[in-house]
Amino acid sequence: MRLPESNAQSSKRDPRSEERISCLTLVIMPELPEVETVARGLDENVAGDVIESVWLGSKPEPLKSSAAEIASVLEHSRIVRVRRVGKHIVFDLEKGARGEWVVHLGMTGQLLIASPSLETAKHTHAILKLASGRELRFVDPRRFGRLAVVRLESGDGAGFAAPGNEPLEAKIDQFIGLFHHRKTPIKSALLNQKLLSGVGNIYADEALFRAKVRPRRRASSLTRGELQKLHTGLLAVLREAIKAGGSSINDYVDAEGQAGFFQLKHRVYGREGKPCFVCKTPIKRVIIAGRSSHYCPHCQK
DNA sequence: ACTATGTCCTGCGAGC
DNA sequence: TGCTCGCAGGACATAG
């Protein structure tokens with residue numbers, strides 16, 4: 001994971017600079033903690049602002065709603081709040097009727113707050129002009145990201161919902177109930193967004209390391225105790241990552257500092273061949289469900 | 001009802 | 001030095 005070169009130029013000395021958020025979004029793989037951090041940062045910076053106009057890229061856009069639908073919901077709406085739902089960023093909107101703008105960052109998606117004078121980056125798919133004079137831009141080179149809108153007709157519309165359970169809120173019995181009968185590898189089950197929404201490849205590996213469970217194990221083979229440790233490990237690693245990201249929002253100084261998520265050392269992810277921090281055994285990498293999976297063959301059973 | 005696999009997309013880096 | 005090729009991965013489609 002390297003810093004894209006654009007990171008250097010978007011980093012400014014002033015920690016209050018609106019460029020802060022772009023710095024953050026450039027260096028991360030958006031799983032739950034990263035999306036949470038981006039959503040919080042956006043909430044702090046654009047809540048209360050009004051979307052004056054919307055430009056959507058003309059190429060095959062990464063849109064789930066039609067361009068016209070997105071523009072009609074977004075334009076002249078006030079951003080009430082920005083929050084995370086699973087791996088999605090949800091903008092609560094108000095324009096007489098309520099609505100929601102739902103953004104999924106995919107792998108490489110970024111939501112940047114920029115001044116109109118800032119050069120438009122390659123792969124910019126959407127630009128929202130805000131009443132404050134700033135722009136909110138959606139940039140996504142790999143186009144795995146998605147944009148959609150939800151109209152909420154009356155006051156009590158359901159709104160956007162994640163397909164599965166919120167990992168940070170799932171109680172232990174609920175957690176065990178999700179996994180204990182499944183024959184698929186526990187790693188695959190953790191990545192299944194219909195079970196838990198928000199866990200991605202990195203934190204799945206890290207949680208399994210903390211639980212001392214190998215990723216290839218059938219979910220149904222895990223004992224109650226192992227599932228409890230997995231639940232604990234997952235909560236711990238997600239909370240630590242959110243804390244690390246959150247601190248970078250407050251303490252971010254410049255790109256050299258590489259605060260935030262760089263404070264959180266992965267114990268197995270991306271460490272193939274390197275010694276386990278616990279027992280020094282080289283970390284192994286295998287492919288499960290098409291995804292690279294990292295584990296310690298000694299610590300994890 | 002589950003589970004497994006292929007596909008999308010671009011930038012980057014390893015290897016020749 | 002310059003090129004090719006494989007890899008990265010979330011969500012969805014499709015097949016089993």
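Keep in mind the model is a prediction, meaning the values are calculated, not measured. Each chain gets a letter, A, B and so on, in the order the sequences are listed, and its residues count up from 1.
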Please state how far atom [atom1] in [X] lies from atom [atom2] in [N], giving the value in whole angstrom units.
X	N	atom1	atom2	answer
A/N192	B/dA1	CG	C1'	13 Å
A/H181	B/dT3	NE2	P	7 Å
A/R146	B/dC8	CZ	C1'	8 Å
A/R142	B/dC8	CZ	P	15 Å
A/F144	B/dC9	CZ	P	8 Å
A/L195	C/dA11	CG	P	13 Å
A/L105	B/dC8	CG	P	23 Å
A/H104	B/dC9	NE2	P	17 Å

May I ask you to verify if any side-chain N or O of A/K87 is less than 4.0 angstrom from the OP1 or OP2 atom of C/dA11?
yes

**Prompt:** Would one find a side-chain N or O of A/R182 under 4.0 angstrom from OP1 or OP2 of B/dT3?
**Reply:** yes

* To do: Looking at every strand, decide which applies to A/K122 at a 4.0 Å heavy-atom threshold: base, sugar-phosphate, or nothing.
  => sugar-phosphate

Heavy-atom nearest pair, A/V80 first then A/A47, reads O-CB, 3.8 Å

In terms of heavy-atom contacts, A/I186 and A/P215 come closest through CG2-O, 3.5 Å

Output for pair (A/I287 CD1, A/R216 CZ), nearest 0.5 Å, gives 9.0 Å

- Message: So that I can tick it off, tell me whether A/R134 and A/D49 are bridged by a salt bridge, with the cut-off set at under 4.0 angstrom between side-chain N and carboxylate O.
- Response: yes

Salt bridge (Lys or Arg N to Asp or Glu O under 4.0 Å) test vs A/E100 passes for just one of A/R151, A/R83, A/R81, namely A/R83

Problem set entry | Parallel, tilted or perpendicular, as decided by the 30° and 60° cut-offs, for the rings of A/W101 and A/F91 | tilted

Under 3.5 Å, which protein N or O atoms sit close to an N or O of nucleotides 4-7 of chain B? Give each pair with its distance.
unit_1, atom_1, unit_2, atom_2, d
B/dA4, OP1, A/R218, NH1, 3.3
B/dA4, OP2, A/T184, OG1, 2.6

Item to complete: Tell me whether the guanidinium CZ or amine NZ of A/R271 lies under 6.0 angstrom from the six-membered ring centre of A/F209 and within 45° of its axis.
Response: no

